[in-house]
Structures are given as structure tokens and as C-alpha cells.
K.L.:
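This is the structure I have questions about; it appears just below.
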There are 2 protein chains.
Amino acid sequence: MTLTEENYLKALFHLSLENEEVSVLDLSKSLNIKMPTVNSMVKKLSSKELISYEKYKPLTLTQGGKRAAGLIIRKHRLVEMFLVEHLGFGWDEVHEIAEQIEHIKSQKFFDRIDQLLDFPKVDPHGSPIPDINGEVAVQNYNKLEECLVNQQATFMSVGSSQDSFLKLIDKLNLKLGDKIKVLEIQDFDKTMRVLVNNNSEQTLSQLVATNILVKLNV
Amino acid sequence: MTLTEENYLKALFHLSLENEEVSVLDLSKSLNIKMPTVNSMVKKLSSKELISYEKYKPLTLTQGGKRAAGLIIRKHRLVEMFLVEHLGFGWDEVHEIAEQIEHIKSQKFFDRIDQLLDFPKVDPHGSPIPDINGEVAVQNYNKLEECLVNQQATFMSVGSSQDSFLKLIDKLNLKLGDKIKVLEIQDFDKTMRVLVNNNSEQTLSQLVATNILVKLNV
DNA sequence: AATTTTTGTTAGACTATTCTAACATTATAG
DNA sequence: CTATAATGTTAGAATAGTCTAACAAAAATT
Ligand SMILES: [Mn+2]
Ligand SMILES: [Mn+2]
Ligand SMILES: [Mn+2]
Ligand SMILES: [Mn+2]
């Protein structure tokens, strides 16, 4: 499989998680590639039995396509973890590099990185690392946005990996694993005041709170 | 620069070290790409001022081409070193992977690997790692083949990175840095009997001895 | 139900990299 | 100094991946 094909599969996989149905246009926007190009690549991947395609119908991955995509995402996330844990990169710097290294052809290379990291289950953004069969564990986290006053929760994952968002979370001194307690929610704009680790107070816009995924503490 | 262009430059660089003049045919053989293809790529790289090209004349790298090639080789060798030192690969397993990773677009990634390795000067095969300007230190080693009986020397580098050669060196229990003393040379076939680290005796064919590069111990 | 908007498809072109076949030049050997 | 061999170049075609322009179908709006 080529680097290009791998990127298409991965994009379709991600879109399929977020949306009920995925259109050619969705894929086109997500890859920043024009629709006719996507159309022909979809046909090609369909002929390889990786995508199920019928004219004018939504796109879906076949079992094989899902597995292939899962395996690429596994490599991507292992690499991100390695870059943070062993090369000292910030979580906002790793995606671009992982986007390239995920296409390296060497099973053993990724196996060794997995081993070096002691078989991590999540990447630096809290996203699950698919297993050796490309299976992704389903995470069932809540958006901090949906929590009520006095709710306590643990910061488990981020809903966006945009640079600016990650940098903001850094600036707010928030890290995965932090305990968050909702102190106050503004009626007007849903801005939240929260207490982090029983320690520092922060104010979060609704947009930020939407992208902070938490596990509720009972 | 594309991955393909980088590979052409690197190949020309290596050939230029080994031979006085490099022809289109040499480059074609070394890359396993047919002559007409090489011919057109050479023209392209010439238009980018990376290769000096005149019809029917030998090929040479421009200053810029040399620098670019040196920088790719730097990445290649840093990666090989990393694979051996941190991921436990054998020196016979790293070339293929480095051949891919050398094309990753991220200065910082390679800088961090350099730092992690504590700024190594040679790769796992004893070849020099070019500096940040792509400059390669000239090594002045002797072939073990050329040593006389009773000569003592230190194993510094290998003249071939062929899998089978590296595996043989492993099997002979030879490692870079080992002290080698020539005990006997067969007149008939130049086979050498040597003493390694004042410890174990080994018999080396002339072909093997040619590819063992040593520093003479006075 | 008709019209407009959105989405999807087809056709045709372009660049990068490769190839084969044919021809040209240079080098080598008698 | 020719004839042959080796090397190099040109021409033309193929594949992968991309694009724009034009047309088609489906969905949304009146
Ligand atoms: Mn990522
Ligand atoms: Mn990618
Ligand atoms: Mn190598
Ligand atoms: Mn390479």
C-alpha cells in the first residue's frame, strides 16, 4: 500500500468515528484534496476491497480497510508517544512527524518502539493505541462541558489536537490525569471556573470545555 | 526536495567517494534504475544546480549538491546509530529502515536523536556522521588485507555493509574497536590468521580482510 | 412539483517517476 | 584508423496522484 492510500484509509476511519455517514465531500475536505481526485482514489481502494463504494452512496471501510487503517493509526500513536517520552517533544509538536513516520515499512521498527514504551495503551493526547490487529478500544469519556457544578472528574483525553488548543491547555497548566472540579458555570456563555488538583483555579470557555474529555469521579 | 531526488544525490555522493569519475551508467547500476531515467533525473538536478552536467561528461555534485547529500547521509547514519543503540537492532538490520527515515522532514527530529545519542561521530559501521553542514570527515584507515604478519591494528570500520558480510563479522565475534594482530598470511590465497583482543584466533579470507578497515597500532 | 443548491461523477490535462526502443557518441580493439 | 562495443541520449509511453471544467444526480427550498 502506498503512503497516499494509507492516508485516505486513515482519514476515512477517523471520519467514520465522528459521523454516522461519510461522503466523498467529507473525505475531500478532511484530506484537502479535490473531490474528483478523491472519487478516483475511492474507486481504486474499492477495487482493492478496502472501501465499500457505490455511486452516490456514503463511504464505508471494509473489514480489511478498518484493520489496515487501525494498524496505521497504531503506528502513528506509538510514534507520537515515543517522540514525547523519549525525544522530549511537546504534545503539540508530534502529529506532523508521526504523520510521516507512520508510513515506514518495518513491522519490527514499530514493535521495538512499542516495547521501549512498555506497550502503552494511549497516546500523548489520551487517544487509544490500536492493538496489533488494528482494533481500537472504545473510549467512553464525557465532555467537561456537560458536567454540572460540583462535579469532580479526571482529565483523560482531548477532543481536538489543534496546535492552538494543545498550547492553550499547556498554558492553563492542565495535564492528562489531572483532577478537575467544576466550581461555577456562567449562565450567559457557559464559561466554567474549575479547580485543578485541589490547587489552582482556571477559567475555561465553553469551546475549551467541550474539548476536554473526562472520566466522572462517581 | 523529493525522496527520489535525495536518493539520487546520495548515490552520486557515495560513488564519487569510491571512484575518480562517475558515469550515468554507474549511477544507473547503483540505483537499479535504467539509464534513460537517470539521464532525465540528472538533467533535472542539474537545472536545480545540485549536479554539474554536460552531455557525455562524468557527473559531479555542485557545492550545494554535496552539502545536500551530506545532510541526508547525516540523517541516515544518525538513525542507524539510534536503531542500534536504543532499539536493539543488529548492525545488519538498520540500513533498510534508515533508508526510509532519512527522508523525514523535520530538522528537530534529527537534532533530538543526535542529542539523545550524545552527538556521535560515527555510525554503527564505523562510517563518519557528517556535521550539521553536511561536511564529512575523511577517514584514513587501512585495509586489514594490506597488513603484514605481526602488525597490530584496531578494527575501526567496515568496507562493505552487505548483510552477509556484517553477519559473518558477527559470527567471527569481531566488533568495532577490537585489537587485531596478524599471525599468519597464506601465500597461496592470502588467507589471514589473526588474534583478536589477545584472546581468540580467527581465520579470514582475503575478501573479508579487504573489508575490515583498521587503524595501525604504531 | 419545480427550482435551486449541494454533492458526486466524468473527461481531459498535468507533473513526477519510471520504462522500452531506437538512435548517437565515445571508447576500445584489432 | 576503421569496426565493434560500451555508454549516453532522445522519443514515446505507462502509472500514480493531482487538478479544472463540465455535466449529472440527489437533496433542500420554495
Ligand atoms: Mn496525531
Ligand atoms: Mn500520514
Ligand atoms: Mn546505511
Ligand atoms: Mn533513502
Side-chain angles (χ1 to χ4, degrees), chain A residues 1-16 18-61 65 68-69 72 99-100 102-105, chain B residues 1-16 18-61 65 68-69 72 99-100 102-105:
Chain A
M1 214 173 359
T2 65
L3 177 153
T4 307
E5 290 174 341
E6 291 187 344
N7 284 337
Y8 274 85
L9 288 184
K10 203 157 58 94
L12 179 50
F13 187 100
H14 284 131
L15 288 169
S16 301
E18 294 162 24
N19 313 281
E20 200 53 47
E21 300 196 330
V22 180
S23 65
V24 174
L25 185 62
D26 293 334
L27 199 46
S28 167
K29 280 176 180 159
S30 127
L31 288 164
N32 243 293
I33 290 174
K34 294 291 182 291
M35 275 212 283
T37 307
V38 171
N39 184 279
S40 54
M41 183 56 85
V42 161
K43 284 179 181 171
K44 183 179 167 195
L45 290 170
S46 163
S47 84
K48 292 194 178 186
E49 314 255 291
L50 294 164
I51 288 181
S52 305
Y53 170 69
E54 284 179 87
K55 266 190 183 181
Y56 302 109
K57 294 277 165 59
L59 308 171
T60 54
L61 286 169
I72 305 159
E99 199 59 49
Q100 299 174 64
E102 68 188 358
H103 305 290
I104 298 297
K105 266 48 182 179
Chain B
M1 218 174 352
T2 66
L3 177 151
T4 308
E5 291 173 340
E6 291 187 344
N7 284 338
Y8 274 84
L9 288 185
K10 204 157 58 93
L12 179 50
F13 187 100
H14 284 132
L15 288 170
S16 301
E18 295 161 25
N19 313 282
E20 199 52 48
E21 299 197 331
V22 181
S23 64
V24 174
L25 185 63
D26 294 334
L27 199 47
S28 167
K29 280 175 181 159
S30 128
L31 287 165
N32 242 293
I33 289 173
K34 295 290 181 292
M35 275 211 284
T37 307
V38 171
N39 184 278
S40 54
M41 182 58 83
V42 161
K43 284 179 181 171
K44 183 179 166 193
L45 290 170
S46 164
S47 83
K48 291 193 179 189
E49 316 254 289
L50 294 164
I51 289 181
S52 304
Y53 170 71
E54 285 179 88
K55 268 189 183 183
Y56 303 108
K57 294 277 164 59
L59 307 172
T60 54
L61 287 168
I72 304 159
E99 200 59 49
Q100 299 174 64
E102 68 189 359
H103 305 289
I104 297 297
K105 266 47 183 179

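Residue numbers start from 1 in every chain, and the chains themselves are labelled A, B, ... in the order their sequence lines are given, proteins ahead of strands.
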K.L.:
Less than 4.5 Å apart, any side-chain heavy atom of B:L50 and any of B:Y8?
P.N.:
no
K.L.:
For the pair made of CG in B:D26 and P in D:dA6, what is the distance, rounded to whole Å?
P.N.:
15 Å
K.L.:
Below the 4.0 Å mark, does C:dT15 have OP1 or OP2 next to a side-chain nitrogen or oxygen of B:K44?
P.N.:
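Indeed not, no polar side-chain atom of B:K44 lies that close.
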K.L.:
Considering only D:dT10, D:dT7, C:dT7, which nucleotide approaches the side chain of A:M35 most closely?
P.N.:
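For A:M35, the side-chain atoms sit closest to C:dT7.
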K.L.:
Tell me the interatomic distance from B:L59, atom CG, to D:dT7, atom P, rounded to whole angstroms.
P.N.:
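To the nearest whole Å, that distance equals 14 Å.
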K.L.:
Could you tell me whether the side chain of B:H103 reaches within less than 4.5 Å of the side chain of B:T2, counting heavy atoms only?
P.N.:
no
K.L.:
Closer than 4.0 Å, any side-chain N/O of B:N39 to the OP1 or OP2 of D:dT9?
P.N.:
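For D:dT9, OP1/OP2 do have a side-chain N/O of B:N39 under 4.0 Å.
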K.L.:
Give the rounded distance in Å between these two atoms: CE of A:M41 and P of D:dA16.
P.N.:
9 Å
K.L.:
Using whole Å, report how far CG of B:L45 lies from P of C:dA16.
P.N.:
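Rounded to whole Å, this separation is 12 Å.
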K.L.:
Side-chain N or O of B:Y53 versus OP1/OP2 of D:dT9: is the shortest distance under 4.0 Å?
P.N.:
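Answer yes for this pair, as a side-chain N or O of B:Y53 is under 4.0 Å from OP1 or OP2.
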K.L.:
Whole-Å distance between D:dC19 C1' and A:L31 CG?
P.N.:
15 Å
K.L.:
Answer yes or no: is there an ion pair linking B:E21 with B:K57, defined by an N-O contact shorter than 4.0 Å?
P.N.:
no
K.L.:
Could you tell me the separation between the NZ atom of A:K34 and the C1' atom of C:dT9, rounded to a whole number of Å?
P.N.:
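From A:K34 NZ to C:dT9 C1': 16 Å.
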K.L.:
Take A:T4 and B:E54, find for each the nucleotide of DNA chain D with the closest heavy atom, and name the residue whose nucleotide sits nearer the 5' end.
P.N.:
B:E54
K.L.:
Compare the minimum distances between each of C:dT18, C:dT17, C:dT9 and the side chain of B:T2, then state the nucleotide with the smallest one.
P.N.:
C:dT17
K.L.:
Is A:S23 near enough to C:dT7 that one of its side-chain N or O atoms lies under 4.0 angstrom from OP1 or OP2?
P.N.:
no
K.L.:
For D:dA6, take OP1 and OP2 only and decide whether either is under 4.0 Å from a side-chain N or O of B:Y56.
P.N.:
no
K.L.:
If you compare every side-chain N and O of B:K57 against the phosphate oxygens of D:dG8 (OP1, OP2), does one of them come in below 4.0 Å?
P.N.:
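No.
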K.L.:
Less than 4.5 Å apart, any side-chain heavy atom of A:Y53 and any of A:T60?
P.N.:
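No, too far: nothing below the 4.5 Å cut-off.
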K.L.:
For residues B:V22 and B:F13, determine if any side-chain heavy atom of one lies less than 4.5 Å from a side-chain heavy atom of the other.
P.N.:
no
K.L.:
Considering heavy-atom distances to DNA chain D, does A:P36 or A:E5 have its closest nucleotide positioned more toward the 5' end?
P.N.:
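Nearest nucleotide further toward 5': that of A:E5.
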K.L.:
Measure from CG on A:L25 to C1' on D:dA27 and round the result to the nearest Å.
P.N.:
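Computing the A:L25:CG to D:dA27:C1' distance gives 13 Å.
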K.L.:
Which nucleotide wins on minimum distance to the side chain of A:K43, given the candidates C:dG8, D:dT7, C:dT10?
P.N.:
C:dT10
K.L.:
Measure CD/B:E21 against C1'/C:dA27 and give the value in whole Å, please.
P.N.:
13 Å
K.L.:
Which of the following nucleotides, D:dT10, D:dT18, D:dA21, is nearest to the side chain of A:I33?
P.N.:
D:dT18
K.L.:
Of the nucleotides C:dT9, C:dT18, D:dC19, which has the atom closest to the B:T37 side chain?
P.N.:
C:dT18
K.L.:
When you compare the side chain of A:L59 with that of A:L12, does any pair of heavy atoms fall below 4.5 Å?
P.N.:
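The answer is yes; the side chains approach within 4.5 Å.
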